[in-house]
Amino acid sequence: MMLSPDQAEGDLSWTQSDPESMLNGLKSAGCTSDEPTEGEDRAKCKADQPLSREEKRRRRRATAKYRSAHATRERIRVEAFNVAFAELRKLLPTLPPDKKLSKIEILRLAICYISYLNHVLDV
């Protein structure tokens with residue numbers, strides 16, 4: 001529930017579950033409609049102001065389409081990340097060559113291998 005500018009946060013009773021008192025609270029906040037509506041046809045409040053950039057972002061992120069697109073982007077990102085580790089793994093010498101290594105082990109082995117190659121070049 002949003003507060004009207006003249007209503008303090010301490011004035012709200014969060015334990016109230018009486019629908020009549022909740023409706024009265026909405027009316028005091030400036031809402032004009034008594035009918036419950038769904039979706040985009042919600043009751044308009046007099047106290048409503050244009051949405052802030054953060055509120056617009058929050059509402060956009062709440063849609064199923066946005067979440068689905070975000071999940072797809074994340075899957076692509078993780079797949080590219082895993083491919084990069086697989087390519088790095090192919091370049092590192094280990095015994096046996098097909099030994100399964102974790103990502104941290106691959107990184108540590110790469111660091112050691114680069115140090116070894118630098119040492120070989122210096123000699």
Side-chain angles (χ1 to χ4, degrees):
M1 176 190 302
M2 293 181 55
L3 297 175
S4 64
D6 58 335
Q7 185 178 20
E9 191 171 5
D11 294 344
L12 292 176
S13 174
W14 296 106
T15 58
Q16 280 183 330
S17 60
D18 179 29
E20 190 65 31
S21 63
M22 291 177 75
L23 183 60
N24 291 337
L26 288 173
K27 285 181 180 178
S28 70
C31 292
T32 58
S33 176
D34 291 338
E35 300 174 324
T37 57
E38 297 180 19
E40 296 297 320
D41 299 330
R42 291 187 183 139
K44 298 293 180 190
C45 292
K46 293 177 187 173
D48 279 348
Q49 300 203 357
L51 298 176
S52 69
R53 177 181 286 167
E54 184 62 31
E55 183 63 26
K56 287 179 185 177
R57 183 179 300 134
R58 197 174 295 126
R59 286 188 181 183
R60 186 174 57 242
R61 288 181 178 169
T63 64
K65 182 179 177 182
Y66 180 88
R67 288 192 309 269
S68 175
H70 179 72
T72 301
R73 286 192 306 269
E74 180 65 11
R75 270 193 303 279
I76 291 169
R77 185 192 70 80
V78 169
E79 185 177 328
F81 187 74
N82 289 335
V83 167
F85 267 100
E87 292 295 316
L88 179 59
R89 172 67 185 90
K90 289 178 189 175
L91 300 173
L92 300 173
T94 56
L95 287 173
D98 58 344
K99 181 180 178 194
K100 176 74 174 146
L101 297 173
S102 69
K103 290 175 181 163
I104 190 69
E105 290 171 330
I106 292 171
L107 291 174
R108 287 180 178 153
L109 188 57
I111 291 168
C112 290
Y113 188 54
I114 291 169
S115 292
Y116 168 74
L117 293 175
N118 279 332
H119 176 71
V120 168
L121 287 174
D122 290 341
V123 174

Under the rule for side-chain hydrogen bond (donor to acceptor under 3.5 Å, both in side chains), what residues qualify as partners of Arg57, not counting sequence neighbours?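 In terms of side-chain hydrogen bond (donor to acceptor under 3.5 Å, both in side chains), with neighbours along the sequence ignored, Arg57 is linked to Glu54.
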Rounded to the nearest 0.5 Å, what separates atom CG in Leu117 from atom CG in Asp122?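 Separation between the atoms: 11.0 Å.
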Rounded to the nearest 0.5 Å, what separation is found between the CZ atom of Arg58 and the OG atom of Ser52?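 These two atoms lie 7.0 Å from each other.
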Can you give me the closest heavy-atom contact between Arg67 and Arg61, atom names plus distance?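 Arg67 and Arg61 have their closest heavy atoms at CG-O, 3.8 Å.
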Name the atoms and distances for all side-chain donor-acceptor pairs under 3.5 Å in residues 74-93, with sequence neighbours left out.
unit_1 : atom_1 : unit_2 : atom_2 : d
Glu74  : OE1    : Arg77  : NE     : 3.2
Glu74  : OE2    : Arg77  : NH2    : 2.8
Arg75  : NH2    : Thr72  : OG1    : 3.3
Asn82  : OD1    : Lys103 : NZ     : 2.9
Asn82  : ND2    : Val78  : O      : 3.4
Glu87  : OE2    : Lys90  : NZ     : 3.4
Arg89  : NH1    : Leu92  : O      : 3.4
Arg89  : NH2    : Thr94  : OG1    : 2.8
Arg89  : NH2    : Pro97  : O      : 3.0
Arg89  : NH2    : Lys99  : O      : 3.0

Heavy-atom side-chain proximity of Arg73 to His70 below 4.5 angstrom: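 Answer yes - side chains close enough.
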Please tell me whether Ile104 and Tyr113 are part of a single hydrophobic cluster in this structure, the criterion being side-chain heavy atoms less than 4.5 Å apart.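 No: no chain of side-chain contacts under 4.5 Å links Ile104 to Tyr113.
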For residues Ile114 and Tyr116: do they belong to one hydrophobic cluster (side chain heavy atoms under 4.5 Å, members Ile, Leu, Val, Met, Phe, Trp, Tyr)?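 In one cluster: no.
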Any sub-3.5 Å donor-acceptor pair from Ser68's side-chain atoms to Lys65's backbone N or O?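 Here the side-chain-to-backbone pair does not exist.
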